[in-house]
Amino acid sequence: MGLIEGRFEPNIIVTSTDAIFNWARSRSIWPLTFGLACCAIEMMATNASRFDLDRFGIFPRPTPRQSDCLLISGTVTAKMGERLVTLYEQMSEPRYVISMGSCANSGGPYCDHGYHVIKGVDQILPVDVYIPGCPPRPEALIDGFLKLRDLIMKETIAKPSA
Amino acid sequence: MAGYFKDIWLGVSTVLIGMHITFKHWFKFKKAVTIQYPHEILEMNERTRAHLFNVADECAVCLQCARACPVDIIDMQGIRADKDEDLGLLPTGKPKRMHLIKFDIDFSKCVYCGLCVEVCDTKSLHWRAPVEPCTFTREEMYKSFATIPPDEVERLIAFDAERKVKKAEEMAAKKAAAAAAKAAKAAKAKAEAEAKPAEAGADAPKAAKSDVGEEKKETPAASDTPEKPGTPDSPDAPENTPKPEPDKS
Amino acid sequence: MSEIREIDIPVGATPQKISQMLENFEDVHGERMVVQMGPQHPATHGVLRVELETDGEMIMKATPHIGYLHRCFEKTCESMTWQQVVAYTDRLDYCSSANNNLGYVLACEKMFGIEVSERVQTIRVLVSELNRLASHFIAIGTYGLDIGAWTPFLYLIQEREHILDLFDRLCGGRLLLNYMRIGGLTHDLPDNWLKEVHEYLSYMEGKLDEVNSLLSYNKIFVERLANVAIISEDMCIKYGLTGPNLRGAGKKWDLRKNEPYCGYETYDFDIPVGDGEVGTIGDCWDRYIVRVKECEQSMRIIKQATERLEKMPGDDVLAAIPKSMTKVAPGEIYFRTEHPKGELGFYIVSNGKKFPWRLKCRAPSFSSLSVMSAVSPGLLIADMVALIGSIDIVLGEVDR
Amino acid sequence: MTWLDLLIAVACVAGVLGFISVVALVAIWTERKISAHIHDRLGPMETGGFHGWAQTIADMVKLLQKEDIIPDAADKPLFKLAPYIVLSATIASFVVLPFGAHLIGTDLNIGIYYLVAISSLEVAGILMAGWASNNKWALFGGMRSASQMISFEIPIGLSLLIPIMIVGSLSMQDLVGAQAGGFWNWGVFSHLPFAMIAFIVYFWASLAEVNRTPFDLPEGESELVAGFHVEYSGMRFAMFFLAEFANMFLVAGVAVALFLGGWHAPFSFLEISAESNVILHNLVGFFWFASKGMVLLFIQQWLRWTLPRLRVDQLMHVCWKIFLPFSFVNVLIVSLWIVLTQS
């Protein structure tokens, strides 16, 4: 959790702080520079000039400590799954997970026969947004980030009502 | 010593050349190649594998796509239409003979290889322009393309079941008749009993051939009975509502 | 943790010399530090883990650990029909899927004795050379990124986008094409496609020179790569390095010339080899520049192929595709093609049934990776990054 | 010390802090925009409307309220202290930077000497961060940074000696004042070509001082993941981030003050004399100083997006075998020149 989450009752100050914080969080999603497989190439292409994720303030960071979003771009194997969980744990709150492509969503082409492939990354991590595609086209990836933005805008730092 | 200065000169000159190139790119910044995606949408090509879509009215329910799929994500089911029923024509010109009661695609597993679209004769399964929408849950990626409303599906299933029962009864009757006749002409009746079901099957050989998996239980039979209203108190849930599919693994 | 100590390295010393030097000083060395590079590291091109034993910044030992992307390609293919396997070969080396397709379909066609028309062959050459271009652009671009130059990477990805657009028009896929079939292709060429390829070729004129002057001949870049991680021809053959890595070591070996397939013998192109222009033959820079030069050669082939196709009468690209592959001829075959990363070989055994009985893939990246532990002693960490980039591995292919 | 003095001092510090934040925010935004345009893309476009002007504000607000992670195995006091040291060294250096005739924190008589001394305090912070993180990549980054900064201090010091010798003072305002009256009087054009060489050496060495490409080894992304700040998150990382960009402006500011005429306009008619309006005089001076600083900042960023990164041994080669001999010869010749012309 961040510094001030879940301490205050919802009131006028909290809601206006919410508005500012959510604006800042959703406008500055820094994903981890981390490619797993085929989707990583498409992720690179989306970061590059043609589609330019930087327009939305999406700016890849090499270290999990400074990133807000774990973009799982590719097949997650059982061996990699452990490391993925470690990476997720190293990220600071608030953190989000985007599952990109069929492999991450459900094992994709390897869902039936891949004994070493995790059938859906939601088995090991809490996924916020799923992007279908194999690999998703850059438009789909941008859509995914926009969906994540919508999701962040609904957050509140107020105490969850019991 | 000459090498030392040459190195410095090379360093300085190549840095300047590089700076010249990047400056050229910077200076003509009006011509950025970026497509501002949500504001300006890139036109998709005819063949772009963006969004799989099946037009239920044009689908021949031949199950070719389900068989071509490397990951078996197409879950389809059809019920043979009644003989008198007119379902329109397929794009290939042949009359549509099957009700498509279930056509579900699990997009979370789709590999977008295009094998299913290739084998589709009627081109009812095709790619559509906007990219597949992102979802917040895995279940939302499970999409259904069958257009028959749930109560109609229930009716069709009931009708099909009834048809099966009728068929079975018919068969039983025939068998009984054969058994009765057997007393009189044992050898001849036996041959007749064998020939009749074969004739019944020959009426729709294609449909019989294409039935796989869960449809195997339904026997293709040409029944003359008219349509009957479906039983409203059927315990079966509607078949074509998207349901979260439990993970197979 | 050892203390960081400065070691006198003569400028331009070979790794062998350095490791010899280090042996002499072995007794004064303190404790070595073990650093894990990867699986999440910006320079490992995916999910490779390299266990580095370092003394300060100098690497004493490097052990690559693989298997983070093991997707059971070979086993999965045993449960796929012959045509479905093509979709899985896409995902071997995802940077150059058409070349993977080509290797597989050619192997199968040879095994089953399927003859395809000349037009189909030419389209295949055209598409796979375009994809070789795209793959090399990624290799060159990410190499620049490894060395610290961002801009060439973005320029090259930009040029690559045009190729992807062409592919998108051709078969609908951007990255994973799944375009070839045993006996043919999925689609015929769309209208005006060849014209677009021509336009692209004229657009690309001079672009590689720009990359050369921005990156290849930049003094800093040359200094970073010249005389670093030298892999000699002898070593390449010993470790099974092929493709640009072998050619970078000065060996003129290209399957498109030496064992022509798909009509490559009729095309006019050269085999660029490393000649130690700025350092020793077989250093990182040579391996790098071979890729740049290969791009030019690929463009030559594309040009010739396009011109041929324009003159050729159209025919049905689906004609030779077997209608049913539930029963095929039994047999076995090993067939190799020149892939952007090296020699891609497919060993396929058919027992006459619907599925391949066994499918073994000889992945070039896997062999390239094996040389790493042999050349890395004596390199600095920054050189290690240069080495990984220069052998151009794709983990999808290494782990399969 | 009266109350008024204290108030002025506080106002100075507050002004410097505010200025640093603004400069860093603008510098980060321009960096992103410049890099984008060099790459033929657009850079931040969505946040805040016009060309994403609010992008860095969003980044900062987000970073400030992120979770603050201190690794369990870290050396906690040092880990917490390091960003403050880096930032405070930066702030302390800004105090002697002459933004205008009167816009200067304090015009020390040893201004430039103080600046060189205090800005090297930053190394301590970075080394501390690298060590305390208990991460091998961070340690590499810290050690690289220390060796690099300590080495490059020498050519920097030697090249700064040139204008100091020419002017004969260590005070920043004296150094700037000597360059009044048009661009041909600027430090960079005196004693041609030696002051020019000193300027070039200073500019390149200052890139190493602020860890910019081609000398960005301490945080070389493809080698050391993120270098010394690999374990820092949230607010503490924001401090490093802020300090890095403020430092970029600082070294540019020093170059402007010593070599490029400080707050003087390139032509004297573009200035407003202090007699007619003191406030306007200062503001115009500030404008010239900031714009010259921004031009240098642009060149820094331009180099950043053009060049690859050097290796450790090559970095040392560049420092000790190229910059240092050049600066020594430079100092020798200029001092001889001064001695000969003045006697």
Side-chain angles (χ1 to χ4, degrees), chain A residues 1-7 17-30 32-34 44-69 86-96 138 142 145-146 149 152-153 155 157, chain D residues 28-29 31-33 35-49 51-72 74 133 135 137-138 141 219-238 240-241:
Chain A
M1 275 287 125
L3 292 175
I4 48 174
E5 260 106 337
R7 286 199 197 167
T17 327
D18 266 350
I20 295 172
F21 279 8
N22 288 344
W23 171 79
R25 279 177 189 174
S26 62
R27 260 65 181 172
S28 153
I29 305 167
W30 291 358
L32 185 64
T33 323
F34 175 45
M44 266 158 40
T46 318
N47 269 311
S49 307
R50 183 79 169 285
F51 294 96
D52 193 16
L53 279 178
D54 202 13
R55 283 183 293 128
F56 306 96
I58 295 160
F59 174 63
R61 293 296 310 169
T63 152
R65 300 272 187 220
Q66 293 154 15
S67 40
D68 313 305
C69 166
T86 313
L87 281 175
Y88 180 71
E89 281 164 355
Q90 281 174 342
M91 285 164 64
S92 53
E93 292 266 6
R95 52 194 171 182
Y96 310 95
I142 294 174
F145 273 111
L146 295 180
R149 251 163 73 153
I152 295 170
M153 287 311 274
E155 280 182 353
I157 55 165
Chain D
I28 294 167
W29 182 78
E31 162 113 48
R32 287 175 83 162
K33 286 307 258 191
S35 73
H37 288 308
I38 282 179
H39 299 154
D40 302 337
R41 50 195 182 100
L42 292 167
M45 287 298 283
E46 307 283 315
T47 314
H51 279 260
W53 63 271
Q55 185 57 57
T56 33
I57 298 173
D59 286 343
M60 282 300 150
V61 171
K62 182 209 74 180
L63 279 174
L64 288 182
Q65 44 90 33
K66 285 277 283 185
E67 186 189 7
D68 180 36
I69 295 178
I70 300 172
D72 210 29
S133 299
N135 181 312
W137 299 115
E219 44 192 300
E221 228 184 77
S222 55
E223 291 159 28
L224 298 187
V225 189
F228 60 87
H229 56 66
V230 70
E231 293 284 354
Y232 281 86
S233 62
M235 205 161 74
R236 289 174 214 279
F237 166 65
F240 281 123
F241 209 46

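So that the names make sense, note that chain A is the first sequence line, chain B the second, and so on, each numbered from 1.
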**Message:** Is Ser67(A) in contact with chain D via its backbone, its side chain, both, or neither, using a 4.5 Å heavy-atom distance?
**Reply:** backbone

**Prompt:** Considering only heavy atoms, which portion of Arg61(A) lies under 4.5 Å from any heavy atom of chain D: side chain, backbone, both, or neither?
**Reply:** side chain

**Message:** Counting heavy-atom pairs under 4.5 Å with chain D, which one of Ser92(A), Ser49(A), Pro64(A) comes out on top?
**Reply:** Ser92(A)

**Prompt:** Checking heavy atoms, do the side chain of His229(D), its backbone, both or neither come under 4.5 Å from chain A?
**Reply:** both

**Item:** Contacting region of Glu231(D) [heavy-atom separation from chain A under 4.5 Å]
**Value:** both

**Message:** Under a 3.5 Å distance rule, please check whether Ser233(D) uses its side chain to pair with a backbone N or O of Ile69(D) as donor and acceptor.
**Reply:** yes

**Prompt:** Is there a donor-acceptor pair closer than 3.5 Å between any side-chain N or O of Asp54(A) and the backbone N or O of Ala36(D)?
**Reply:** no

**Item:** Under the side-chain hydrogen bond (donor to acceptor under 3.5 Å, both in side chains) test, residues paired with Ser35(D) that sit two or more places apart
**Value:** none

**Message:** Between Arg32(D) and Asp59(D) (salt bridge meaning N to carboxylate O under 4.0 Å), is one present in this structure?
**Reply:** yes

**Item:** Residues forming a side chain to side chain contact (heavy atoms under 4.5 Å, CB included) with Asp68(A), sequence neighbours excluded
**Value:** Trp30(A), Lys62(D), Lys66(D)

